[in-house]
Structures are given as structure tokens and as C-alpha cells.
There are 2 protein chains.
Amino acid sequence: MTKRLAPATPATLDETDRALLAALAADARQPVSELARLVGLSAPSTAERVRRLEAQGVIERFTVQIDPRALGFTLQAIVRVKPLPGQLHLVEDVIRRIPEFVECDKVTGDDCFICRLYLHSIEQLDEILSKVTERAETSTAIVKSTPVARRLPPLG
Amino acid sequence: MTKRLAPATPATLDETDRALLAALAADARQPVSELARLVGLSAPSTAERVRRLEAQGVIERFTVQIDPRALGFTLQAIVRVKPLPGQLHLVEDVIRRIPEFVECDKVTGDDCFICRLYLHSIEQLDEILSKVTERAETSTAIVKSTPVARRLPPLG
DNA sequence: GATGAAATCCCTGTAAT
DNA sequence: ATTACAGGGATTTCATC
């Protein structure tokens, strides 16, 4: 499952924690010494804070953001998927197994799943969706631009 | 703008590059020495490859993945936004200015924007959407679970 | 032209204040 | 939380294939 337990009490962050998270969001591979300089603390204290944020579960992981276009994924689509009666679990499995689905949320409402697809071509869209359309109705939107790229929520 | 130019020729990755990206996706703060061990290369060669992937634009940035629940965002919503005539740019600005919108794509089709919201409560949903509903029709879906969390596309 | 090896330098983590 | 110190990692240079 993708669910992890949320802490009973949300973590309370001070100004330094917020600055630290922002710095890590901008460049997660910065040395602790540099992070320390940015937040105005000593290196050991800074390292300790990073560890604490990880232990608290605030930081899930440090990761890399890939540019899909640099890999030849010229197209991005957002697809709403409404499984036919009795096909819900199967549809979920199919989506999970197709790596071009880079993200999928199960949501309330008529459309059960909302997914993001990376594609090399418009032909590939058809090819991939055909594996889903036997078991679900789909509704596709092609991404034209991204006014807000994944960003941190307010940390207040 | 959020647009950056895609390279004319997509980068071609060998097996080592793919392993490297996967390792970085799993933990972007791993020392180069550890990455080198994982991909079976020397540390300098590994560091060089990481630099090349950045220069090629394959790696956009190293970043941190936050658990919104650990910060008290108990709710996640995906909202489709269809601006009223003449309100498109204003709606885009409003969305960009509200930090609880952590992601927003402009798409083809009837609904112009598809956005992701982090929320502390269901009341906050109303509060935030009210800033949009004067200028757009919205359609909200609450995230119940995430079968596929952001993952790398196929690197083949 | 790119990879591996060795030396220097810097960073990280520990312990003590 | 900082400082000092010891250990390990990173980067540069150089030699190699």
C-alpha cells in the first residue's frame, strides 16, 4: 500500500526548519556545511535538524526531479479513469504495472482515478490507453504548460 | 514561465545512467562513493556522470519529498478549474499566488487547469476555492489514496 | 575520449564544553 | 548549540586503456 500513518500530532516547525526545508527543496544534495551557512547554524546542529525532520516523517525522502522532455517524453497527459463495474481492482493493477503512469490518485466522485502519463508520442497515448479502455472509461487531457510545478506547501 | 527548452535530441542513457538515476531517485543525498558502489564504477566517473546528467538537463534538480500529513495537511484535493470567459490569466495568477496549490497544469479540453491542493481541513477547501469561484467553475475530487506515488518514467 | 588510481582538501560526525 | 578533532568522502590531477 501507499499509505503510511500520519503522526498524531503534526510537527511544529520553527523558522530555521522552514529555511532548511526550502534549501533542501532547492538543492537536496547541498553539503550540510552549506545548509548550515544558509540557515545560520553550525553544521552539527543543522545535520541534527535534518535527521529530526526525517525521523518525524516530515521529510519522506530525498529525490531527483527528472525533466521528461530530456528523455524524449514530449507529451504529458492527465487521464481520468472510471472503471466499469467490478473492474476497479484490476484497473488499479493495470495502471500500477504500466510505468508510463508516473502518478495515480484514487479520488472521490465519478472518476475513480486521476493519473499522469509521460508519453513519447500521441500514438503511444492510444497504445497505452487501449490497455485500460477494456475495463474503464477514460477522459484525457493533454498538458499544455505547467503554471505551478510541484512546490512545497506553506510551512507555517 | 515554467517552460524550459527541451533538447533537440533526447539524451541517450546507458544501463549505468539508468541505475544511477534510480539510485538518486531513491536517495538523492547518498554520497558519491555509495552511488559508485551501486552502479559499479569509480567515484570520479560516477560524479562525472551525475554532472553530465545535470548538464544535459535530464536531472532538473535534487529535491526533498515532504509528507504533507506530517505537516498537518490531512486532506489532498484535485481540482479542475474552468475559467469564465476573459478570466483565464487572472485565474492562473490567483492559483499561482495561493501556496496551498502545490501543482497546476494547463490542459487541453473543457477544464483549463488541473490542480493539486494540500489542505488542513475541509473548511479550508471552501475558503480557498472561494477565491477562485468568482472567476471560474471548479470541480473537486478528494484524494482517498495514492496507488502510484510520483515515480520515474521508464528510462529505456 | 573516457575510465581508474592516488593525493590533497574539505566535509561529516562524535564528543566534550 | 557550538567548538575541536578524528575519520571518511569528494575532487583534482595524472596515468592508462
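The chains referred to below are lettered A, B, ... by the order of the sequence lines, with proteins before strands, and numbering in each begins at 1.
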Whole angstrom value for the distance that separates [atom2] of [N] from [atom1] of [X]:
X: A:R37; N: D:dT2; atom1: CZ; atom2: P; value: 15 Å
X: B:D14; N: C:dA2; atom1: CG; atom2: P; value: 12 Å
X: B:L35; N: D:dG9; atom1: CG; atom2: P; value: 12 Å
X: B:Q30; N: D:dA10; atom1: CD; atom2: C1'; value: 15 Å
X: B:E48; N: D:dT11; atom1: CD; atom2: P; value: 11 Å
X: B:R29; N: D:dG8; atom1: CZ; atom2: P; value: 20 Å
X: B:E34; N: D:dA10; atom1: CD; atom2: P; value: 10 Å

Base, sugar-phosphate alone, or nothing: which one does A:S45 contact when heavy atoms must sit under 4.0 Å apart? base
Give A:P44 one of three labels, base, sugar-phosphate or nothing, depending on what nucleic acid heavy atoms sit under 4.0 Å from its own. base
The side chain of [X] is closest to which nucleotide in this list: [options]?
X: B:L41; options: D:dT11, D:dA1, C:dG4; value: C:dG4
X: A:P31; options: D:dT11, D:dT2, C:dC11; value: C:dC11
X: A:R51; options: C:dG13, C:dG4, D:dA1; value: C:dG13

Reckon B:S33 has a side-chain N or O less than 4.0 Å from the OP1 or OP2 of D:dA10?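 Yes, because at least one side-chain N or O of B:S33 sits under 4.0 Å from OP1 or OP2 of D:dA10.
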Does B:R49 place a side-chain N or O at less than 4.0 Å from the phosphate oxygens OP1/OP2 of C:dA2?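 Checking B:R49 against C:dA2: no side-chain N or O falls below 4.0 Å of OP1 or OP2.
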Say whether, by atom type as modelled, one donor and one acceptor occur between the side chain of B:D67 and the main chain of B:R69 under 3.5 angstrom. yes
Is it the case that the side chain of A:R37 and the backbone of A:S42 share a donor-acceptor pair, with hydrogens and angles ignored and the cut-off at 3.5 Å?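 Side chain of A:R37 to backbone of A:S42: no pair is present.
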Any Lys/Arg nitrogen of [X] or [Y] sitting under 4.0 Å from an Asp/Glu carboxylate oxygen of the other?
X: A:R80; Y: A:D110; result: no
X: B:R52; Y: B:E48; result: no
X: B:E103; Y: B:R150; result: yes

